[in-house]
Amino acid sequence: MEGTIPVTGLARQIAQTFVGARRQATAVRAYPGDLPPDLETGYAIQEQAISLRSDAIAGWKIGRIPPVWVEKLGAERLAGPIFSRLVWPSRASEDVAFPVYDGGFAAVEAEFVFRLGADAPPEKTSWTTEEASALVAALHIGVELAGSPLATINALGPPVVVSDFGNNHGLILGPDIPNWRARRDEDMTCETFIDGQSVGRGSAASVLGGPLSSLVFLLEHTAKRGRPLKVGQLVSTGAATGIHDIAIGQHARVSFGALGEIQCAAERATPRLGELV
């Protein structure tokens, strides 16, 4: 996928800055180059950044593009990779510690997460919700850990978000939801708490078009990028209660009612010297 920034030029330099900052657990004080003007350019930078990582893609996050940007960008959603080292299982009644860049951005998001039971045909670029549903092995509760070394990432717009892995820094995967296909989206509710205070409520119906609509988007998007979804990959379908900023030392709890809950705590990120830059 090509954008207006040459793939081997500034795109790679921007990608190296972000991946290097993530590796060293340091903040990026300002965007390291011209802001990408469109999603294509953002994805060109993202592809360069993916090539610099040493771990596999375990899945993808989907984010909603703010309405003010939709007409300009011609899209309602964006995507970013979730890497295998940054996926944690939830623990019953225990915190999952997750890393936050000091001076960067961090947030928690209640999510409904698909786990695929089959490979997507690589040549298929158009999907229905029924076809997408047939690929799913399970639907889980989860928490996306949004995160970037750049504190202003969201304020700079969706193409910037896309360029730094879609502003993702991990996923906490909770238990699967029994008989999920027979449940109504609005009945799968959730509520997010930060340090004991409720900061947002929602349900699977809060995800634009519902979780399966997000999966359709991602199946088409990744196929067009030459990265068709694979069996076992995870698809974090979108924030169900909002995007909730969190700081080092704070605690979050996401309740999905009878479906379970996930607890987590933000800790200072440390350098990951085993990663490639």
Review point. Hey, does the side chain of Asp95 reach the backbone of Ala97 with a donor-acceptor pair shorter than 3.5 angstrom?
Key: no
Check your understanding: Quick one: does Asp245's side chain have a donor or acceptor within less than 3.5 Å of a partner on Ala107's backbone?
Key -> no
Review point. Linking I/L/V/M/F/W/Y whenever any side-chain heavy atoms sit under 4.5 Å apart, do Ile243 and Ile82 land together?
Key: no
Review point. Counting only N and O atoms by type, is there a donor-acceptor contact under 3.5 Å from the side chain of Asp195 to the main-chain atoms of His251?
Key: yes
Check your understanding: Do Leu229 and Leu135 have side-chain heavy atoms sitting under 4.5 Å apart?
Key -> no
Check your understanding: Between Arg268 (side chain) and Gly249 (backbone), is there a donor-acceptor pair under 3.5 Å?
Key -> no
Check your understanding: Short question: side chain of Thr222, backbone of Leu218 - any donor-acceptor pair under 3.5 Å?
Key -> yes
**Study point:** Check: Asp164/Ser148 side-chain N/O donor and acceptor closer than 3.5 Å
**Key:** yes
Check your understanding: Less than 6.0 Å separating the ring centroids of His169 and Tyr101?
Key -> yes
Check your understanding: Out of curiosity, does Leu78 fall in the hydrophobic cluster containing Leu150 (side-chain heavy atoms, cut-off under 4.5 Å, transitive links)?
Key -> yes
Exercise for review: Provide the full list of ring pair (Phe, Tyr, Trp, His ring centres under 6.0 Å) pairs with a residue in residues 58-98, sequence neighbours left out, each pair given once.
Suggested key: Phe83-Phe165
Check your understanding: With a 6.0 Å cut-off on ring centres, are Tyr43 and His221 close enough?
Key -> yes
Exercise for review: Check the hydrophobic clustering (I, L, V, M, F, W, Y; side-chain heavy atoms under 4.5 Å; chains of links allowed) and say if Leu259 and Trp180 are grouped together.
Suggested key: yes
Check your understanding: For Arg253 and Glu191, what are the C-alpha separation, side-chain angles and deciding distance, and is it a salt bridge (Lys or Arg N to Asp or Glu O under 4.0 Å)?
Key -> CA-CA 8 Å; Arg253 178 172 66 89; Glu191 184 171 8; over 6 Å; no
Check your understanding: With no hydrogens and no angle check, is any side-chain donor or acceptor of Glu47 less than 3.5 Å from a backbone partner on Arg225?
Key -> no
Exercise for review: Keeping the roles fixed (side chain from Tyr31, backbone from Pro36), state whether a donor-acceptor pair exists under 3.5 Å.
Suggested key: no
Review point. Judged by modelled atom types alone, do Ser203 and Glu186 share a side-chain donor-acceptor pair under 3.5 Å?
Key: no
Check your understanding: Nearest 0.5 Å, what's the OG-CG distance between Ser236 and Leu171?
Key -> 5.0 Å
Review point. Which is it for Gln263 and Val254 under the side-chain contact (heavy atoms from CB on, under 4.5 Å) test, yes or no, and what are the steps along the way?
Key: CA-CA 6 Å; Gln263 298 189 62; Val254 181; over 6 Å; no
Check your understanding: So if you build clusters from Ile, Leu, Val, Met, Phe, Trp, Tyr with side-chain heavy-atom gaps below 4.5 Å, do Ile172 and Val207 land together?
Key -> no
Practice item. Using a 4.5 Å cut-off on heavy atoms from C-beta on, say whether the side chain of Val231 contacts that of Leu116. Key: no
Review point. Is a side-chain donor or acceptor of Thr128 paired with a backbone partner of Glu131 at a separation under 3.5 angstrom?
Key: yes
Check your understanding: Does a side-chain heavy-atom distance below 4.5 Å link Arg115 with His140?
Key -> yes
Review point. Would a distance-only check, ignoring hydrogens and angles, find a side-chain to backbone donor-acceptor pair under 3.5 Å from Gln233 to Lys230?
Key: yes
Review point. Between Arg201 and Thr189, do the side chains contain an N or O donor and an N or O acceptor separated by less than 3.5 Å?
Key: no
Review point. Any link between Val108 and Phe193 through a network of hydrophobic side chains (Ile, Leu, Val, Met, Phe, Trp, Tyr) touching at under 4.5 Å?
Key: no
Practice item. Using atom types as modelled and distance alone, determine if a side-chain donor or acceptor of Glu220 lies under 3.5 Å from a backbone N or O of Trp127. Key: yes
